[in-house]
Structure formats: C-alpha cells, structure tokens
Amino acid sequence: MSSAIVPASNKTITLAGNGETPATDSKFSIFSPVVTVEHREFYERIVSELNGVFPICTQGKCTAVEVSEDATEQEQITDLMKRVESFSGELLEVTKQLFDQFYQAKEHFCKMIHGTTAYVKINLMDRNLLERTCDVRWWALETAFSDVIEFRERVSERLRAILDGPHNKPDGDVLREVIEEKERWEVNAAANERLQKSLAMFDDTETLIADVRAVLKKASFACDRLEDINSSYTLYRDLVIACRDGMIIANSNKTTRPRVLGLNVAGENWFQKALTTKDGTQYHAQDLTESSIETERSLIYSAGIREQSDNYGKVIGAMGVFFDFQGEAMMILEDHMSRDADNFVEDGWYSFITNSEGVVIASSDPGVIEPGKSAHLPRKQRTPPAGLRPMTYSVIEGQESAVFSARTDGYLDYPGLGWASHLVVPKDQIFRTAASNTQLGISIDELMQSRLVPDINKQTFTKVQDDKESIQLISLNGIVFASKLGKRGVALGPIFDQIKQTGEFTTSKMEYLLTEMAVGELQLNLQALENFSKQAIDLIDRNLFERAADVRWWSTDQYFWTALKDPTPENFQKAAHRMEVINGSYTMYRNLVLANRNGEVVASARSEDRHKLKAVSVYDDQWFLMAMRTNKSSEYAVQDVMTSKLEPRKERSLIYSGGVRVGGARAGDPIGVVGILFDWDTEGKKILATCLPKDRDGRLIGGCAAFYTNSHHEVIETTDPEHFPVGKLLSLPMAHNQLKAGQSTSGLLVINGQRYIMGSSRTKGYREYAGLGWLAHVLRPV
Amino acid sequence: MHIVTFAAAGGIHGIPILAVEEFTRPVPVTPVPLADRRVAGLMNLRGKSGTVIDLRKCFVKPHGEPSPNGKMILLETTDRLTEEARQLSVQVFREPVVLLVDRICDIFPIRFQDVQPRPAHVPERFVTGVLKHGKDYVSLIDLMILIDDILNPRGTS
C-alpha cells in the first residue's frame, strides 16, 4: 500500500496573511497600477536606503582590517557588520510585506463595504417586493371586487339568454352589436346607455336594465376602492381588476383609465397565472415585462379574485398591481453613492440592477449603463450565484473601476426574482491614501493597540519596531567599540553613524506607513458603521411607511364605519372579527383597536383582551386625538414609542392610527379611530441585528451594539440591553445630535468609560412617510 | 569625553561611553535570594555573567512606569578599562555589573565646564552633576558610588 507523499513545498507563503486570499496571484508588486505615486516613491526611498547599507558594511569590514591588526577586534567589527546586513535584508522583506498588507487590507475592506452596499440595495428591493406580495393577496379579497365581477357575470348571462332566446325583434342585432362591440358597456357610460335603450325594446327587461346600469356603478365603485388603496400605498402606478375573460373592469389610475378600462389581458402571463392560483394565499410575481396596461415595462404582482371574496372560493377574475419599479429602483440606486459638494453623484460611480439573464433593468445613469442591454461584466458577475458577492476590476467608460455585485437571496418567504445589484466605484478611490490631516480623536499608539487594527498589522508594527531597535543597538555597540579603539576607531565612527541614520530613517518611514494603515483602517471602519446606521434607519423607515399605508387603508374598511355608524353588538362583533382576520394575516401587529368618537374601545383583534379593553378610555391618548383631527383618508397619525394603557404589560408601544369616516369617505370628520399596535420590540430588534458589523470571516464582532434613539436622545430599541438599555438617555456628540434628516456621521466617543467608534444616521422618511426624527446608531468598541 | 545617555525611572541619565562594554536587549535574570532589593539578579550573556542592578529601584521617587522592553548596559570591569579611560579617570567595578534601564538614548561628547553640580532637591548621592542636552536634563551618574552602595555595603568591604 502506498500513500501519497505530500510535497513539503506545497506550503505557499502568504504575504497578506489574512488567510483567505490566495497568495499565488495576489503577491504584491510595486509596479501594480493601484500603488499611489507617494507610496512608490516611499518604497523606493526605503529600498535604496537599505540597499545603501550593504556597501557601508563592506566598507566597515575593510576599515576593520585597516584599523586593527588584532584578529579578535577585526572579527568583532566584521560580526557587527554582518548583523547589520542581515537586519537590513529583513527590513527589505518587511517593507514588501508591509505594502502588500497595506493594499490587500484596503482592497479587502473596500470589498466588504461596497459589497455590503450592493447587497443592501438588492435586499431593500426584495423587502419591498415581499411587502407587495402581501398587499396583492390581501386586496384581491376585497368584497367590492368580487362583487362587481360576479354581478357583471350574472347580468351578462341574462343578456346572453335574451340574445340566444327565441325573439324576433329587429333590435336583437343592435343588442348583439352593443354587447360585442369594442366599447364595453360595463365600463363605458355611452355604450351602457345604448345597451339600456336597446334592451328597452324587449319585454320584461326593467330589472335587467337597472342591473346593467348597476354594473357601471359597481365598476366605478371598484375604481374608487382601487384609488383608495393607491392613495394609501403610493408605490403603485396602477392597480387593475380583470374579469375571468380578461376584460379590465376597474383600475386606479385616472389618467390612463379611458384607455385601460375594457382592455383585454387574457393573453398576458400575469393574468393567466393569477387564474391558476389555488387559494387566497397564492400570488404571482411577474418579472419586468411588456403589458398592454402600461407603456413602460411593468413589474406586476397578481392574485386571483375569488367568489364571495372567500379565501378558498373559485377564481372569478384577477387583480394585477403595477409596482412603480423604476421609481423605487431610482431611489435605491441613487442612495449610498459618493457625492460631491453640490450633492451630485461623483464621476465614475454607478449603480445598476440586472435581471436573472444579466440584462440591465434599472440604472443610476441610463446614459452610460443602458437598461435593456446585457451588462458589460464577466458572466459570473453578470448573473452571480446566490450568496456570493463577487468583485472584479473592469474598465467602465474608460475608467479603471471596481465592480461589486450581490445577488438577491430573497427575504423571508419571498424568493426574489434572481436579480443582482452592481455598484461601480473608480479604482483609484479604493486605494486613495487616507487623509492624514483629519482630527482622529485618538492617539496613534492607542489606535495601533486597538481592536480595530488587525493582528497581522500589529505583528508587522512590532516587527518593525524590533528591527529598528536591533539596528539601533548594533550601531550603538559599534560606536562604543570604535570609541575604545581610540584614534584607530575614528574611521569607524562615521560608518556606524550612517548605519544608525539609515535604520532610523527606514524604520520611521515604515512606522509612518503603518500608522497611515491604521488611520485608513479607522476611517474605513467609521464609514462602515455609518453605512450600517444608515441601513438601520432606512429599513425601519420603509417598514413604518408600510404601517402608515396599512392604517390608512384599513380605516376605510366598511366593517369599521358600519359598526361606528350603527353601533349594535352584532356590528361590533363583525368589526372585531374583521380585525382578527387582519391581525392573523399581518404578523407585525400585536393588536388592532377600533375606538368610537368618545374614545371608548368598541372592538379589537385579540379576543382574549377584548373585555379588558372595553373598560379603557383612549380619549386622552395622542394617537386617538391626532387621528380624530385628520380630515382626509390619506392622512394618518402616529404616537411615538411610549407606554400605552392598551398594552399595560408592554414597556413600550408604537401606535399608528387613522380616522374612520362614514362610507369610507375620502374626506370629512372622523366618527372614530382605528389604531394599530406595531410589534415594535420584535421588528426593531430584528432590523438592528442585521446591521451589526462583522469581521472578515463574517462573524459578529464582540462588543458591538446597534440601537435607535428618539428625538429626545432616549434609547428606544437596542441589541445591547446591558450597556444601552431601552429608556437610557444618551448624551451624544454635537455632530451626531445635530444631524439633519437623511444625514449620517461617524466619530469616536467614550460611553461608560469604554471608547467606541460610532456611526449615526437620522431618519429621512420614505416617500410621503416623514419619519419620527429618530436616529440609528451602530457602535464598535475600540 | 563621550557619554551615553539612557532613560530610567522617568529621567535621562548619562555615563561615560568608555565605561560601557555592550548594549543588549534584556536577557533572563536569575534572582538572588537575600540580595539588595535593587539587585534584579544574575544574568548570563554569551558566557559573560554579571550582577543586574535595576536602576529604577535606585531612585527614591521614580517617575512613570518601567518600559516593557527595557535595555541592559553591560559595564566594563576595572581590569578591562582602556588606557584612555584610565587617563580620563573613568571608574568601574571590579566585577561585571549590568544596568537595567528603559531605553538607550544617545551618544555625544560633553565638556566639563557644561556640567553643573547636583541640585539640592536631588537626594541620590550617585548623581554627581547635571547638564543640559537639547531639551533634556541629563544627570551624570558616578558608577562607583552607585555600585559600591549596593554591592559593597559599608563595613563589609
């Protein structure tokens, strides 16, 4: 039996030493174009100084022979010279390693920061799209929609019966013409009128005529409801209801309505897929495609409309919602880009999204990276495999650039559409030397010793100082030795002086480089924390936007206004049941309550708390008072995180509320209020946990914390209840406190005697949701 | 005369360069039982052995913290002094002695007229004078007084 002999030489020497980049092809070369001019000069000076030591040592050895005939003395001098040579040789090696580490560390860190940014962008998109899938399923079960479709079908059947029945009226042909002509009587008032007139020729058609008229009314009501939805959720360009035969009977977009109503979408994929859904929990997400409904390419979510609006009813039609993908994508793409003083995106920075085929579907600069075309990237990066975040260097618009990519991994139960986000950063910006004139607020020594500087750099730092010391000791001993030779030693003096100077020069340059590295590392760390805090505030803003949308829409629900208008126990029961259904479909709420105009809770979602809440008056509560003051259904109110008597056992509640109006009217004084209790602790914590910094191996870094503070600097949710508990008042540096909406900053600070670096971002809201003035903070101990 | 300066106990001190045999990084020291508290122990470097005196402990009120990577100064012995050193009346101990200091600073020539007497507030008898070098005050140490006091206590020699 023979076993393979592992050759001893298969151990590759990694200069970078961070253990993950293969050393073979990433060995440092001073000729690499990424090396800055300063550094190349720096490197050349160090190398030439060190190389200069060798002739000096040779000269020293010769001088030894000249000044002394004593063999022991000669040997001592020669020995010193040899030691100097060996240390100089080592320093040459260390210098190379140092530059290698310097550039690899920078590249790695940038990869991490920009790779994360690319990922955050696609993740934001996915989270948004997930919410859309909930929306469409929920709305498709609205009674107004099943009602119009079912009613229209019944009327159509009766019309067909007349046509097919025995009749000899000459008007039968007119009738057929009206029913089958392109201008649909269901949605077109003139056509409807004509149909009514021709029906009048027949006997016993009075009720049918009324019903024909009623279809138009019901379709118009469906349009109203769609408009209501869209004024609550502003992310859609259009929402449409299609009958089983594919005819669009209602839409939300008034501008396109004359063209869209009556269109037939029977041949469109989103419609066909919606018809095949098995029950109310299913939906179809249609990747960007052409649709007759819109002129732009559309991203469509669709679900089946079911008989009686029952979750398990037969499919009788489809709802399609046309997400404002281009608008949303623009918002996401323009974020996290380096900007100049005038707030323009800096040259050479691009951000774009590709679909599963690697075709650009949205671009921050359509003039350069053109939507509709295949992205100019290596194949593996154009459609990157899930979970990987590849990076390549490429020339974009004549500029050497780094392209960072991240593919969607979906979000929760939403698998995503196989899209990828790409971020283009000019290459020279990655290797740009850290500005050294910035106020750091930390001494270099402290920084070098801190946890921010990777061990490998610390080791090099120690090694450089060690070598510096060795050379210093050797030259000092040389001088001592020379001085003892008296006059004979005079010739040796300058040689040791020269060695000492060279040693000091090179090592101090290297120390400088190391501190530059440490400063760079610090700055990149600060930037990473800033990005994380921005991510934390963006995610919560987007989440809360959805809550503000939900409450506006639910406030128009007929069960609620019916119960308030006609307060019978039965109606309250129905309202409560409706709330229970809503609460069952949305996991992010703890409870929903309906209060009448006197502030009495008359219905709530959680049956176990219902009798307790009946005794509660919310008349003095902010969420109630503010919602009672609204006078449009497009308005809502929110009560910032605080205690609430609706949940006495919870420390803090976050309540969104909207005014309920009779008939779900769009304007007018409310007759009561719907309040929704957001599951703040859980959702806030969940988001914060995703915004904690990780090390190079993807592990969480110990001692880091992320938390939100409200406008009074009070911690309202935290990942670190020990050091930053909820309720703690923080005194933050001015730069953090005075952030304006949408701004971010970072810096060093001491809290509880521990020094941290911290990134903070102030909410800028999202779309028409203004935010509550909160800040997100992410901290890392130094 | 050239002196070598070094940092210890929070101050800068100087001794004649001709009294020095070699500078080294610290080598392991074997503690000596019942020795003077200023004696760190015995060391051995390439066959040379010597008594290590922790200079910091020789000061009444040392400042700051001792350096984690101090240096050793191996002193000459009386018999190995060069002719020049004898002429300049450099004095060293008869046996090998090593000084443990924080850091070696510099080597430079001094003129005797620049040396001022020990200020009244300095209690250490082994400091025989001070002089200004750059921005530092260098206290000159008389090695015989220092070592005698530790290794030759009065009455036993």
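It should be emphasised that the depicted structure is a prediction, and the values quoted were computed from it without experimental measurement.
Remark: F108(B) CZ is packed, more than 12 non-hydrogen atoms of other residues, nucleotides or ligands lying under 6.0 Å away. By the neighbour-count criterion of 12 heavy atoms within 6.0 Å, atom NZ of K82(A) is sparsely surrounded, having that number or fewer from other residues, nucleotides or ligands. The neighbour count for E75(A) CD, taken as heavy atoms of other residues, nucleotides or ligands under 6.0 Å away, does not exceed 12. Remark: K57(B) NZ is loosely packed, at most 12 non-hydrogen atoms of other residues, nucleotides or ligands lying under 6.0 Å away. Around CD of E69(A), the count of heavy atoms belonging to other residues, nucleotides or ligands within 6.0 Å does not exceed 12.
Side-chain contact between D466(A) and R25(B): present, with at least one pair of heavy atoms (C-beta onward) separated by less than 4.5 Å. Contact check for V480(A) versus E22(B): no side-chain heavy atoms found under the 4.5 Å cut-off. Two residues are said to be in side-chain contact when any heavy atoms from C-beta on lie closer than 4.5 Å; I107(B) and L476(A) meet this criterion. K484(A) places none of its side-chain heavy atoms less than 4.5 Å from the side chain of E84(B).
Residue R103(B): no heavy atom, backbone or side chain, is found under 4.5 Å from chain A. Within the 4.5 angstrom heavy-atom criterion, no atom of E83(B) approaches chain A.
The nearest pair of heavy atoms linking N477(A) to F23(B) is OD1-N, 2.5 Å.
In this structure, I104(B) CD1 and E469(A) CD are separated by 9.5 Å, a value rounded to the nearest 0.5 Å.
Checked options V4(B), T82(B), I17(B); the residue passing with S483(A) is I17(B) (criterion: side chain to side chain contact (heavy atoms under 4.5 Å, CB included)).
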